[in-house]
Colleague: 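Pasting in a structure now, in structure tokens, and then I'll have a few things to ask.
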Amino acid sequence: MNVERRRPVPASLAGVTTSRRGQSPAAFDAPVKVAVDGLNFYYGTKRALDGISIQIRSNLVTALIGPSGCGKSTFLRTLNRMNDIIPDTRVEGTVLIDDQSIYESRVDVVQLRRRVGMVFQKSNPFPKSIFENVAYGLRINGLVKTRAELEGRVEESLQQAAIWEEVKDRLQESALALSGGQQQRLCIARALAIRPEILLMDEPASALDPIATQRIEELIYELKKKYTIVIVTHNMQQAARVSDQTAFFWLGRLVEFDRTDKIFTAPAEKLTEDYVTGRCG
Amino acid sequence: MSTRTLEWIVERVLLLCALLSVLTTAGIIGVLAVETFAFLRVVPVLDFLTGTEWTPLFSSQKFGVLPLIAGTMLVSAIAMVVALPMGLLSAVYLSEYAPNNLRRVVKPILEILAGVPTVVYGYFALTFVTPMLQQVFPTLSGFNALSPGLVMGLMIMPLVSSLSEDAMQAVPRGLREGSYALGATRMQTALKVVVPAAFSGITAAFILAVSRAIGETMIVAIAAGQQPRLTGNPFVPIETMTAYIVQVSLGDTPQGTIEYRTIFAVGMLLFVMTFGLNLISTWLRERFREEYA
Amino acid sequence: MRKHADRLFQALSMATLIIALAALGVLIFDIVKDGGSRLSWQFLTNIASRNADEAGVYHALMGSIWVILITAALSLPIGVAAAIYLEEYGTRSRVARFIELNIANLAAVPSIIYGLLGLGLFVRIMAMGQSVMAGASTLALLALPVVILSTREALRTVPSTIREGSYALGATKWQTIWNQVLPMALPGILTGLILALSRAIGETAPLIAIGALTYIPFAPDGIWSKFTVLPIQIFNWVSRPQPEFKVNAAAAILVLLVLLLTMNAVAVVVRDRFQSRGRG
């Protein structure tokens, strides 16, 4: 980041973005998948999100950027109600997924989380075999009836997560024996197994080396054909590389939300420009 | 069954199990209270609490509990004379002086000392400590308060040591460094800074130790005798509240008789004393935790 | 001068530790000296007898094993369930705070009081008589606070990322606890259970209070059978005036200590074994 500090618009970032975009044109007129309106979020009395309104479209990759503590992760976790498990938290405003509010009392959180998968910052495989990690979600949700079906879904998910070739001969080995990058792709496979519609990724590559990171990014690129992806990232080059749209958070507010190339080349807000060029944050 | 119903049922079942502990307390109080009230209908409460003779198993029954309380206090006091200074000093040593690897060796050994069954300590007091003491004090009776008191102190010392050490460890490093920076020695730092700072935690440990001593049963049942006696003389046989309960339990006292009820009345007294001490100890510990939270 | 005082104080503190450890050494030496020669296969397989030389601990040893197994069967599920409630469900609620305070106080109630509860509740009201079941129920109540506290500590070592990973896959709270949290906490739970049981197996007073000190010349054949246990047999022999019985007591103490040592060793093995497996 330091190298680019003085340049108003880092050409390297913009270059990567456009070259990638050329390979697979993003459909910015795709239907709205997630519509958030006037979302406030509180930890106890502390307000962590302030009036967030945003529309996330199907089959696009939406990146959430901003400095630590700006609320981007908190926002991500409101989309599958993961914050419910933290005591003393409160949500105001509406979040609609396919025009259905997810914070109504009759909504089954378990059903919601089946539709909205999540991958965490630190890979968190269960201390079980590779196979069992992927099979877990299928089993508890009763999604498969036969052993053959289960094995089929496990293989399919591992293939989608581009890890099948590496693990197909050792499915019964402990998932903890895998490398960090493999563990993270296993966690992606685990999330894909229950066939979600939306995939939330909370800094999925922050703990990985550059090569493992590149594999994850390529994977994201593949996955957006089937899934709507929302990714939190600290790394602005990464946001520029993988996303179609970018939302910039600052102190719990959504400062700017636009096409990624616009955010990085011609942001409307001074704050955004300062942040993406490394002048602040 | 839907998942939600199952979740609801599971939570209620778990809560029920957790509430069993409350039921246990209620059960203890209930069982003790019923028999104690039946006992107090026959023996006026003042006679019970202030009487100086305890002879429920003789034909001329007297129900003054003071001799049992005196016996309990005497043995507990002797135990505390051993357990408190020894426990505190060893805690100071372990917390302020001992290198880490020594602590790693010593602490498990102290745990063994605390984990030896009390009936074994009773054997030790009766067959080893008493004969040994008799060589020093020829007037010492075969059953007495001194020997079980000393052994009980040894048994309780690890409890005092480990709880006090925990309290001292919780004292922020900065306080110690401040003291060293002023040129204080380790002893001065330990005694003038660490111990006072950990005072409520250490007091909690002391109170818990007293409670343990009052409730300890087998050592005194084996080595202190069965003669309720209002005395402060540690050389003669006495009887504690706990030993009395054991003594009656050994015989076949029929349910519903006044003798049977005496053990519940004595038990109630014992429960009230220890529960009170435990509450104070818990309260002090909470306060200590808040100080350094 | 100040240096001198510091040295002296350090020596004094160290001396208290040495005295305590030496006392433990003397205690063990004394018991081995008194009872070591009495230990034999016959001593383990003979039942109690009026004749000190023929008496053995078979029935008491079997009684101890019966009682401790039933105690484990009762206290493990209840203790773990209670701990799960307090750690995973009731966090911060008023009910949970009250229960916690209650457990902390129960842990310090003298064991003989539990004996009186067992006598009034299990032996009389529930009419279990002086059976293995009544004894084990009493000891289970006594062991519960320890099982609950150690289980809570074991649950706390399971990282929250595991819980989140499970929830994110659409698992319910109970599915998460049953499939992910409990298996990971199991070694810690079992270690805590064994330590609680090793305390319970040495308990004498509560079992005397429920009236288990009658002459029982047989090993239990079921949970409703009458019984005696090692510590009670030891107490019985210690209380006899004849020195031969004191020798028997010392030998029985050795049996009890070996049993305790074995349990503690098992606890250590369980802990280490699972620990090396779970890390990655």
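Just so it is clear: chains get the letters A, B, ... in the order the sequence lines come, proteins before strands, and each one is counted from 1.
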Colleague: Using non-hydrogen atoms and a 4.5 Å limit, figure out which bit of B/Leu279 sits close to chain C: side chain, backbone, both or neither.
Modeller: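 Contact with chain C: backbone and side chain both.
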Colleague: Who wins among C/Ser13, C/Pro110, C/Ala15 for the most heavy-atom pairs under 4.5 Å with chain B?
Modeller: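 Ranked by heavy-atom pairs under 4.5 Å with chain B, first place is C/Ser13.
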Colleague: What distance do B/Leu32 atom CG and C/Leu117 atom CG have between them, rounded to the nearest 0.5 Å?
Modeller: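 Nearest 0.5 Å value for the CG-CG distance: 8.0 Å.
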Colleague: Against chain C, label B/Ala184 side chain, backbone, both or neither, depending on which of its atoms sit under 4.5 Å from a heavy atom there.
Modeller: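 Just its backbone gets close to chain C.
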Colleague: Name the region of B/Met218, side chain, backbone, both or neither, that has any atom closer than 4.5 Å to a heavy atom of chain C.
Modeller: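 Just its side chain gets close to chain C.
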Colleague: Calculate, to the nearest 0.5 Å, the distance between atoms CG and CE belonging to B/Leu102 and C/Met14 respectively.
Modeller: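 Result: 8.0 Å between the selected atoms.
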Colleague: Before you tell me yes or no, could you show the steps for B/Leu19 and C/Tyr85 under side-chain contact (heavy atoms from CB on, under 4.5 Å), namely the whole-Å CA-CA distance, both residues' side-chain angles and the distance that decides it to 0.1 Å?
Modeller: CA-CA 10 Å; B/Leu19 282 174; C/Tyr85 181 81; over 6 Å; no
Colleague: Sort B/Val10 into side chain, backbone, both or neither according to what part of it lies under 4.5 angstrom from a heavy atom of chain C.
Modeller: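 Side chain of B/Val10 only, per the 4.5 Å heavy-atom cut-off to chain C.
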Colleague: Please state whether the side chain, the backbone, both or neither of B/Ile109 comes within less than 4.5 Å of a heavy atom of chain C.
Modeller: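 The answer is both parts of B/Ile109.
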Colleague: Which bit of B/Thr274 comes within less than 4.5 Å of chain C, counting heavy atoms only: side chain, backbone, both or neither?
Modeller: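 Just its side chain gets close to chain C.
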Colleague: Does a side-chain heavy-atom distance below 4.5 Å link C/Leu24 with B/Val116?
Modeller: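 Heavy-atom side-chain distance check passes, below 4.5 Å.
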Colleague: Rounded to the nearest 0.5 Å, how far apart are CZ of B/Arg186 and CD of C/Gln10?
Modeller: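 The CZ atom of B/Arg186 sits 6.0 Å away from the CD atom of C/Gln10.
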Colleague: Check whether B/Glu96 gets within reach of chain C through its side chain, its backbone, both or neither, counting any heavy atom under 4.5 Å.
Modeller: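 Neither part.
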Colleague: With side-chain contact (heavy atoms from CB on, under 4.5 Å) as the criterion, how do C/Asp30 and B/Thr127 come out once you've worked through the C-alpha distance, each side chain's angles and the decisive distance to 0.1 Å?
Modeller: CA-CA 9 Å; C/Asp30 178 50; B/Thr127 66; 4.0 Å; yes
Colleague: Side chain, backbone, both or neither: which part of C/Leu101 has a heavy atom under 4.5 Å from chain B?
Modeller: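 The side chain, not the backbone.
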Colleague: Which one wins on heavy-atom pair count under 4.5 Å against chain B: C/Leu21, C/Val26, C/Ile201, C/Leu261?
Modeller: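 Among C/Leu21, C/Val26, C/Ile201, C/Leu261, the one with the most close pairs to chain B is C/Val26.
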Colleague: When only pairs under 4.5 Å are counted, which of C/Leu17, C/Ile31, C/Ile148 shares the most heavy-atom pairs with chain B?
Modeller: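 Top option by heavy-atom pairs under 4.5 Å: C/Leu17.
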Colleague: Heavy atoms only, distances under 4.5 angstrom: which of C/Glu88, C/Arg124, C/Glu100, C/Arg7 has the most pairs with chain B? Name it, please.
Modeller: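 Counting heavy-atom pairs under 4.5 Å, the top option is C/Arg124.
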Colleague: Heavy-atom distances under 4.5 Å only: say whether C/Ile78 touches chain B with side chain, backbone, both or neither.
Modeller: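 When you check distances to chain B, atoms from both the backbone and side chain of C/Ile78 fall under 4.5 Å.
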Colleague: Heavy-atom distance under 4.5 Å to chain C: side chain of B/Leu94, backbone, both or neither?
Modeller: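 Contact with chain C is through the side chain of B/Leu94 alone.
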Colleague: Closest approach of B/Thr242 and C/Ile112, non-hydrogen atoms and distance?
Modeller: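 Heavy atoms only, the tightest pair is O-CD1, 3.8 Å.
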Colleague: Heavy-atom distance under 4.5 Å between the side chains of B/Tyr93 and C/Thr16, does that happen here?
Modeller: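 Not touching, per the 4.5 Å side-chain cut-off.
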Colleague: Below 4.5 Å, heavy atoms only, C-beta onward: do B/Val246 and C/Phe235 meet side chain to side chain?
Modeller: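 Answer yes - side chains close enough.
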Colleague: When rounded to the nearest 0.5 angstrom, what is the spacing between CD1 in B/Ile112 and CD1 in C/Ile28?
Modeller: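 Here the interatomic distance stands at 7.0 Å.
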Colleague: Might you work through the side-chain contact (heavy atoms from CB on, under 4.5 Å) test for C/Lys246 and B/Leu126, ending with a clear yes or no?
Modeller: CA-CA 10 Å; C/Lys246 297 234 165 46; B/Leu126 181 70; 3.7 Å; yes
Colleague: Which atom names give the shortest non-hydrogen contact between B/Ser249 and C/Ala209, and what distance separates them?
Modeller: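 For B/Ser249 versus C/Ala209, the nearest heavy atoms are OG-CA, 3.6 Å.
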Colleague: State, yes or no, whether a side-chain contact exists between B/Pro117 and C/Leu257 at a heavy-atom distance under 4.5 Å.
Modeller: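 Yes. Closest side-chain heavy atoms under 4.5 Å.
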Colleague: Examine whether an atom of C/Leu144 lies under 4.5 Å from a heavy atom of chain B, and if so say whether it belongs to the side chain, the backbone or both; otherwise answer neither.
Modeller: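 For C/Leu144, the side chain is the part near chain B, not the backbone.
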Colleague: If we only count heavy atoms from C-beta on, is the C/Val109 to B/Thr24 side-chain gap below 4.5 Å?
Modeller: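 A side-chain contact is absent here, since even the closest heavy-atom pair is not under 4.5 Å.
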Colleague: Look at B/Arg285, B/Gln188, B/Glu216 and state which one has the largest set of heavy-atom pairs under 4.5 Å with chain C.
Modeller: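 Of the candidates given, the most pairs with chain C belong to B/Gln188.
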Colleague: Side chain, backbone, both or neither: which part of B/Tyr260 has a non-hydrogen atom closer than 4.5 Å to chain C?
Modeller: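 B/Tyr260 touches chain C through side-chain heavy atoms alone.
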Colleague: With side chains defined as the heavy atoms from C-beta onward, is the minimum distance between B/Trp8 and C/Trp174 less than 4.5 Å?
Modeller: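 Not touching, per the 4.5 Å side-chain cut-off.
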Colleague: Can you check whether B/Ser21's main-chain N or O pairs, donor with acceptor, with C/Asn102's side chain at less than 3.5 Å?
Modeller: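 Yes, C/Asn102 side chain to B/Ser21 backbone: donor-acceptor pair under 3.5 Å.
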Colleague: Counting distance only, does the side-chain N/O of C/Asp6 pair as donor-acceptor with the main-chain N or O of B/Thr185 below 3.5 Å?
Modeller: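 Checking the backbone N and O of B/Thr185 against the side chain of C/Asp6, no donor-acceptor pair under 3.5 Å is found.
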Colleague: Tell me, for C/Ala250 versus chain B, whether the close heavy atoms (under 4.5 Å) come from the side chain, the backbone, both or neither.
Modeller: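 When you check distances to chain B, atoms from both the backbone and side chain of C/Ala250 fall under 4.5 Å.
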Colleague: Heavy-atom cut-off 4.5 Å, strictly under: side chain, backbone, both or neither for B/Leu208 against chain C?
Modeller: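 Side chain only.
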Colleague: Name the option with the most non-hydrogen atom pairs under 4.5 Å to chain C; the candidates are B/Val13, B/Leu191, B/Leu16.
Modeller: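 Most heavy-atom pairs under 4.5 Å with chain C: B/Leu191.
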Colleague: Under a 4.0 Å N-O cut-off, is there an ion pair linking B/Glu111 with C/Arg199?
Modeller: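 Salt bridge absent between B/Glu111 and C/Arg199.
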Colleague: Just how far is it from atom CG of B/Leu270 to atom CD1 of C/Ile113, taken to the nearest 0.5 Å?
Modeller: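 If I round to the nearest 0.5 Å, the distance is 4.0 Å.
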Colleague: Taking all atoms of both residues into account, what is the closest heavy-atom pair of B/Glu7 and C/Gln175, and its distance?
Modeller: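 Looking at all heavy atoms of both residues, the closest pair is OE2-N, 4.0 Å.
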Colleague: Check the side chains of B/Tyr123 and C/Asp34 for a donor-acceptor pair under 3.5 angstrom, ignoring hydrogens and angles.
Modeller: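 A donor-acceptor contact under 3.5 Å links the two side chains.
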Colleague: Specify which of C/Leu195, C/Leu8, C/Leu121, C/Leu119 makes the most heavy-atom pairs with chain B at under 4.5 Å.
Modeller: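 Among C/Leu195, C/Leu8, C/Leu121, C/Leu119, the one with the most close pairs to chain B is C/Leu119.
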Colleague: Would you say that C/Leu27 contacts B/Val120 through its side chain, given a criterion of any heavy-atom pair below 4.5 Å between the two side chains?
Modeller: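 They are in side-chain contact.
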Colleague: Counting only non-hydrogen atoms closer than 4.5 Å, does B/Leu277 touch chain C with its backbone (N, CA, C, O), its side chain (CB onward), both, or neither?
Modeller: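 Contact with chain C involves no heavy atom of B/Leu277 at all.
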Colleague: Answer with side chain, backbone, both or neither: which region of B/Leu15 has an atom nearer than 4.5 Å to a non-hydrogen atom of chain C?
Modeller: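 Contact with chain C involves both backbone and side-chain atoms of B/Leu15.
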Colleague: Under the 3.5 angstrom rule, does the side chain of B/Glu11 hit a backbone N or O of C/Tyr89 as a donor-acceptor pair?
Modeller: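 Not confirmed, B/Glu11 side chain does not pair with C/Tyr89 backbone.
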Colleague: How far apart are the closest heavy atoms of C/Ala108 and B/Ser211, and which atoms are they?
Modeller: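 So the two residues come closest at O-OG, 4.0 Å.
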Colleague: Quick check on C/Asn105 against chain B: is it the side chain, the backbone, both or neither that has a heavy atom closer than 4.5 Å?
Modeller: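 It is both, since atoms from each part get that close.
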Colleague: Side chain from CB out, backbone as N, CA, C, O: work out which of these in B/Tyr97 comes under 4.5 Å of a heavy atom of chain C, or both, or neither.
Modeller: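 For B/Tyr97, the side chain is the part near chain C, not the backbone.
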Colleague: For the interface with chain B, which of C/Ile234, C/Leu86, C/Thr172, C/Ile19 has the highest count of heavy-atom pairs at distances below 4.5 Å?
Modeller: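 Heavy-atom pair counts peak at C/Thr172.
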Colleague: Could you tell me if the side chain of B/Val31 sits less than 4.5 Å from the side chain of C/Leu116, heavy atoms only?
Modeller: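 No, side chains not in contact.
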